[in-house]
Undergrad: 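What follows is a single structure, and I will ask about it in a moment.
Every value quoted in this text rests on a predicted model; they were computed, and no experiment measured them.
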Amino acid sequence: MSVDYLSALNKQGSGLNITQIVDSLVQAETAPLSSQIEQKIEKSNQQISGYAVVAAELGKMKDYTASIKGSTAYSVSSDNAAIGARVIDQSQAADFNAKISVSSLATAQTLEFTGFNSKSDTIGTGTLNIDFGDWSSGSFVTNSNKTSQAITINESNNTLSDLAQALNSLEGVNATVTNKGDGTYSLIVNSDTGGKNALRLTAAEDSGSTGFSQFDNSSTNNTKQVVAAADAQLNINGVDISRESNIVTDLIDGYEFSLTGVTSSAASVSGSVNPDLAFQQVKDFVDIFNSVNGTLTDLTKKGINGEEAGALARDVVLGGIQRELRNLVTSGLSGFDDRTRYISELGIKTERDGSLSISENDFKKAFEREPMLFDVMINSIGRSDNPSVRVYSDSEYLRPTGGVYDFVAGNADGEGATLGGASLSGGPVDGGNNRYAGVAGDIAGLKLEMPNNISSATIYYGESFLSKLTSYLDDVTSPVGTLAKSTVEANSSISEFNEEMMKIDDKIVSLTDRYTTQFAAMESAVTSFKKTGEFLTGFIDSLNQND
């Protein structure tokens, strides 16, 4: 137990409890400041907790957008695992039923150059010309749609591995050096699949060099070729068809077919619109949105009319997130056609409290009328008024802005091509086609493929609601996003407030010392005065007795 020595001494002085008086004075001067800072610390801690809750809710929404990306309102089925099918463009896809059989798969040509001791064997020097074409007749027939290519081997890159690396740099060629397991190595060269994509290698050996001519199959293809290039052979509804790839995208508009094996009988393959599936996917989003909106509302409600205020009432960060989410829901989406589209056209309604609702009947009526509205919600779509122009975006990081853009071709080399007035990169590629890409601004990440005789076209790119939502969620929830920055700021504020509290603690010690010293001096004076008074009282009493 502590002893109040000063108060004990005060029995000879003023008789006041000086310790209590000093504590009361110090508390009166510092308590309001401490209370204000403690309230600020509590508010910052509530912000950090609230931001974490909202980040978790937005994380669920982000997971949903990732899981539904590329979803289709079409139900596609195949009763044979050798034939897979999926929708790749809902704007073109329609219901279908087909009988499809596969008699042979597309194969790539394989050439083997044998007899090497290691990957680092020197191979001589020279130029290797590569032509693309068809060996099926026994003689090489050039594919006029593919441009010849060439590589040069000199003394700086004249090992077997160097040759494989140089061949791999060419489009339509793949090469590797393989240990055969018998003490020898082979150079394996593959073409793309398809009978017209086979390779003719013609070696022009440098004067004085030896060994380079062995990589020539122009007259020895039968001895170098291990597997011949061939087209896939299939039959759809009784019609024989050949394709150079086992991934077929031009069999039925809007669908991609994957061939993985030969069939013994025709497979039944079908695709049809599934309104129940489409509705469920949209309703799932509505439920997740309402969960996030409810969390934000509970945290930020202002407590009007006696209602208890939320822990983060009037928090500008969370208020801004809620407003932006609601703006995204009601904003128009351009580029799907010539007019702005809205997800409300699917029957999604915004209620007075900011939540969403959806009627299954209204949704199915709208969906039946315009199946494309599902893509307005879920999938970004690129297309052109010219069916020969392919429009797409496959970047994970670049998201083009939805809109309608005018394409204008450049010169024969592709230079000067523009989209919406912005410059495009790219130009001619194999097969008499041009390939372009947007690299900056609204068209960054947008890609075009077309025959080289197209001089102009109108390009439509509709950025879906979920794409825009994903972009916003990435910004908000990233390690350098709005919530992360706000959390860092709140933690920083707590550190500053704790420093202020330490200063107040120092002030308490200083004030206590000062007041204690002052009252001690007062007590000393009072004690002295009391002793003087006692002396005078005794002296006067003695005088009275003498009388």
Undergrad: Any idea which heavy atoms bring A229 and A198 closest together, and the distance?
TA: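 Smallest interatomic distance, heavy atoms only, reads CB-CB, 3.9 Å.
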Undergrad: Any chance CD of Q165 has more than 12 other-residue heavy atoms, nucleotides or ligands included, within less than 6.0 Å?
TA: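 No - once you tally the heavy atoms of other residues, nucleotides and ligands closer than 6.0 Å, there are 12 at most.
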Undergrad: What is the distance from atom OG of S357 to atom NZ of K349, rounded to the nearest 0.5 Å?
TA: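 Spacing of OG (S357) from NZ (K349) equals 6.5 Å.
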Undergrad: When rounded to the nearest 0.5 angstrom, what distance separates CZ in F285 from CG in L356?
TA: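 One finds 6.0 Å between CZ of F285 and CG of L356.
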Undergrad: Quick one: CG on L111 to CG on L167, what's the gap to the nearest 0.5 Å?
TA: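 That separation rounds to 10.0 Å.
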Undergrad: Could you check whether any side-chain N or O of S456 sits under 3.5 Å from a backbone N or O of F407, counting only pairs where one atom can act as donor and the other as acceptor?
TA: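 Checked: no pair found.
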Undergrad: Would you check, one step at a time, whether the test side-chain hydrogen bond (donor to acceptor under 3.5 Å, both in side chains) holds for N190 with T110?
TA: CA-CA 5 Å; N190 296 107; T110 301; 2.7 Å; yes
Undergrad: With a 6.0 Å cut-off on the ring centroids, do F465 and Y342 count as close?
TA: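 Not under 6.0 Å, so no.
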Undergrad: Between R341 and E345, is a salt bridge (charged side-chain N to carboxylate O under 4.0 Å, His left out) present by the stated rule, with each step listed?
TA: CA-CA 8 Å; R341 308 311 298 257; E345 294 179 70; 2.8 Å; yes
Undergrad: Please lay out, stage by stage, how M450 and N433 fare under the test side-chain contact (heavy atoms from CB on, under 4.5 Å).
TA: CA-CA 6 Å; M450 67 191 75; N433 292 328; over 6 Å; no
Undergrad: Is there a donor-acceptor contact under 3.5 Å linking the side chains of E57 and S291?
TA: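 Side chains of E57 and S291: pair found under 3.5 Å.
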Undergrad: Side-chain contact test, heavy atoms from C-beta onward, threshold under 4.5 Å: evaluate it for T249 versus Y255 and give yes or no.
TA: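 No, too far: nothing below the 4.5 Å cut-off.
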Undergrad: Within the side chain of S395, is there an N or O that forms a donor-acceptor pair under 3.5 Å with the backbone of L398?
TA: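 Checking the backbone N and O of L398 against the side chain of S395, a donor-acceptor pair under 3.5 Å is found.
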Undergrad: Are side-chain N/O atoms of K119 and T159 paired as donor and acceptor at under 3.5 Å?
TA: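 No, T159 and K119 have no side-chain donor paired with an acceptor closer than 3.5 Å.
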Undergrad: For a quick check under 3.5 Å, do R326 and N293 share a side-chain donor-acceptor pair by atom type?
TA: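 A donor-acceptor contact under 3.5 Å links the two side chains.
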Undergrad: Could you tell me whether the side chain of S384 and the main chain of N386 form a donor-acceptor pair under 3.5 Å?
TA: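 Here the side-chain-to-backbone pair exists.
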Undergrad: Once ring pair (Phe, Tyr, Trp, His ring centres under 6.0 Å) is applied, what residue pairs with a partner in residues 359-390 remain, sequence neighbours excluded?
TA: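 Counting only pairs at least two positions apart or across chains, the ring pair (Phe, Tyr, Trp, His ring centres under 6.0 Å) contacts touching residues 359-390 are F279-F363, F363-F367.
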Undergrad: Tell me the closest heavy-atom pair linking R399 and S467, and the distance in Å.
TA: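 Minimum heavy-atom separation between R399 and S467: CD-OG, 3.5 Å.
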Undergrad: Looking only at the side chains, is there a donor atom on one of D353 and S355 sitting less than 3.5 Å from an acceptor on the other?
TA: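 Their side chains do contain a donor-acceptor pair, which is all the 3.5 Å distance test asks for.
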Undergrad: Looking only at side-chain N and O atoms, does N80 offer a donor or acceptor that is under 3.5 Å from a partner on T263?
TA: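 Judged by distance alone, the side chains do not pair up.
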Undergrad: side-chain contact (heavy atoms from CB on, under 4.5 Å) between Y74 and R86: does it pass, once the steps are laid out?
TA: CA-CA 9 Å; Y74 279 79; R86 69 185 185 97; over 6 Å; no
Undergrad: Are I459 and V404 packed together at the side-chain level, in the sense that at least one heavy-atom pair is separated by less than 4.5 angstrom?
TA: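 The answer is no, as the side chains (C-beta and beyond) never meet within the 4.5 Å cut-off.
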Undergrad: Using side-chain heavy atoms (C-beta onward) and a distance below 4.5 Å, is V329 in contact with I343?
TA: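 Of all side-chain heavy-atom pairs linking I343 with V329, at least one is under 4.5 Å.
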Undergrad: After noting the C-alpha distance and the side-chain angles of Y392 and R390, does the key distance pass the side-chain contact (heavy atoms from CB on, under 4.5 Å) rule?
TA: CA-CA 7 Å; Y392 64 101; R390 182 187 175 210; 3.6 Å; yes
Undergrad: To the nearest 0.5 Å, what is the distance between CG (D362) and CD1 (I348)?
TA: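 D362 atom CG to I348 atom CD1 measures 11.0 Å (nearest 0.5 Å).
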Undergrad: Is the shortest heavy-atom distance from the side chain of I443 to the side chain of Y461 under 4.5 Å?
TA: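 The answer is no, as the side chains (C-beta and beyond) never meet within the 4.5 Å cut-off.
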Undergrad: Closest heavy-atom contact between N235 and N237?
TA: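 The answer is OD1-N, 3.9 Å.
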Undergrad: Is it the case that the side chains of S77 and S270 hold a donor-acceptor pair, with the cut-off being a distance below 3.5 Å and no angle test?
TA: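 Yes.
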Undergrad: Tell me whether S464 contacts the main-chain N or O of I378 through its side chain, where contact means a donor paired with an acceptor under 3.5 Å.
TA: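 Answer holds: yes.
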Undergrad: More than 12 heavy atoms of other residues, nucleotides or ligands under 6.0 Å from NZ of K364: is that the case?
TA: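 Atom NZ in K364 is packed in, count exceeds 12.
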Undergrad: Answer yes if the side chains of D131 and S148 hold a donor-acceptor pair under 3.5 Å, and no otherwise.
TA: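 The answer is yes; a qualifying pair exists.
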Undergrad: Tell me if the centroids of the rings in Y405 and Y460 come within less than 6.0 Å of each other.
TA: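 They do not qualify: ring centres at least 6.0 Å apart.
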Undergrad: For N168, give me all partners under side-chain contact (heavy atoms from CB on, under 4.5 Å), at least two apart in sequence or on another chain.
TA: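 Residues passing side-chain contact (heavy atoms from CB on, under 4.5 Å) with N168: N174, A175.
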Undergrad: If I compare all heavy atoms of V269 with all of A85, which pair ends up nearest, and what's the gap?
TA: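 So the two residues come closest at CG1-CB, 4.0 Å.
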Undergrad: Does a side-chain N-to-carboxylate-O contact under 4.0 Å join K365 and E370?
TA: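 Salt bridge: no.
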Undergrad: Looking at E351, I want to see if its CD is surrounded by more than 12 non-hydrogen atoms of other residues, nucleotides or ligands under 6.0 Å.
TA: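 Buried by this count: over 12 neighbours within 6.0 Å.
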Undergrad: Assess, by modelled atom type and distance only, whether the side chains of Q233 and S104 contain a donor and an acceptor separated by less than 3.5 Å.
TA: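 S104 and Q233 do not have a side-chain donor-acceptor pair below 3.5 Å.
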Undergrad: Hey, does L187 have a side-chain heavy atom less than 4.5 Å from the side chain of V189?
TA: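 The answer is yes; the side chains approach within 4.5 Å.
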Undergrad: Hey, does I83 have a side-chain heavy atom less than 4.5 Å from the side chain of V102?
TA: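 Yes, at least one pair of side-chain atoms sits under 4.5 Å.
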Undergrad: From F132 CZ over to L170 CG, what is the distance, rounded to the nearest 0.5 angstrom?
TA: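 So the gap between those two atoms works out to 6.5 Å.
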Undergrad: Do you know the tightest heavy-atom contact between G445 and S393?
TA: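 What the structure gives for the nearest pair is O-OG, 3.1 Å.
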Undergrad: If we count only N and O atoms by modelled type, under 3.5 Å, do the side chains of E449 and Y436 hold a donor and an acceptor together?
TA: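 Result is no, nothing qualifies.
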Undergrad: Where the side chain of N197 meets the backbone of T193, is there a donor-acceptor pair that is under 3.5 Å apart?
TA: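 Between the backbone of T193 and the side chain of N197 there is a qualifying donor-acceptor contact (under 3.5 Å).
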Undergrad: Hey, are N154 and S156 close enough side-chain-wise for a donor-acceptor pair under 3.5 Å?
TA: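 Judged by distance alone, the side chains do pair up.
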Undergrad: Donor-acceptor check, side chain of D95 to backbone of V273, threshold 3.5 angstrom: yes or no?
TA: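 Judged by distance alone, yes, a pair lies under 3.5 Å.
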Undergrad: Can you check whether K468 reaches E463 side chain to side chain, under 4.5 Å on heavy atoms?
TA: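 Yes; the side chains approach each other to less than 4.5 Å.
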Undergrad: Kindly check if the number of other-residue, nucleotide or ligand heavy atoms within 6.0 Å of NZ (K196) is above 12?
TA: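 12 or below, so no.
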Undergrad: Between the side chains of D284 and Q280, does any donor sit under 3.5 Å from an acceptor?
TA: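 Side-chain D/A pair, D284 to Q280: present.
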Undergrad: Answer with yes or no whether the side chains of N452 and N434 bring together a donor and an acceptor at under 3.5 Å.
TA: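 No donor-acceptor contact under 3.5 Å links the two side chains.
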Undergrad: Within the side chain of N217, is there an N or O that forms a donor-acceptor pair under 3.5 Å with the backbone of L199?
TA: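 Yes: the side chain of N217 pairs with the backbone of L199.
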Undergrad: Indicate yes or no: at least one non-hydrogen side-chain atom of L483 is less than 4.5 angstrom from one of I321.
TA: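 Yes; the side chains approach each other to less than 4.5 Å.
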Undergrad: Give, for atom CG of L128 and atom CD of Q149, the distance between the pair rounded to the nearest 0.5 Å.
TA: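 Between atom CG of L128 and atom CD of Q149 there are 11.5 Å.
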Undergrad: Has the side chain of D375 got a donor or acceptor atom that lies under 3.5 Å from a matching backbone atom of N379?
TA: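 Between the backbone of N379 and the side chain of D375 there is no qualifying donor-acceptor contact (under 3.5 Å).
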Undergrad: Is the backbone N or O of A228 less than 3.5 Å from a side-chain atom of T107, with the two atoms forming a donor-acceptor pair by type?
TA: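 Side chain of T107 to backbone of A228: a pair is present.
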Undergrad: Which heavy atom in E244 sits nearest to a heavy atom in D231, and how many Å separate them?
TA: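 Minimum heavy-atom separation between E244 and D231: CA-OD1, 3.4 Å.
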Undergrad: Looking at T260 and A82, would you say the former's side chain and the latter's main chain have a donor-acceptor pair under 3.5 Å?
TA: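 Yes.
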Undergrad: Step by step, work out the side-chain contact (heavy atoms from CB on, under 4.5 Å) result for Q281 and M377.
TA: CA-CA 10 Å; Q281 290 176 332; M377 175 85 179; over 6 Å; no
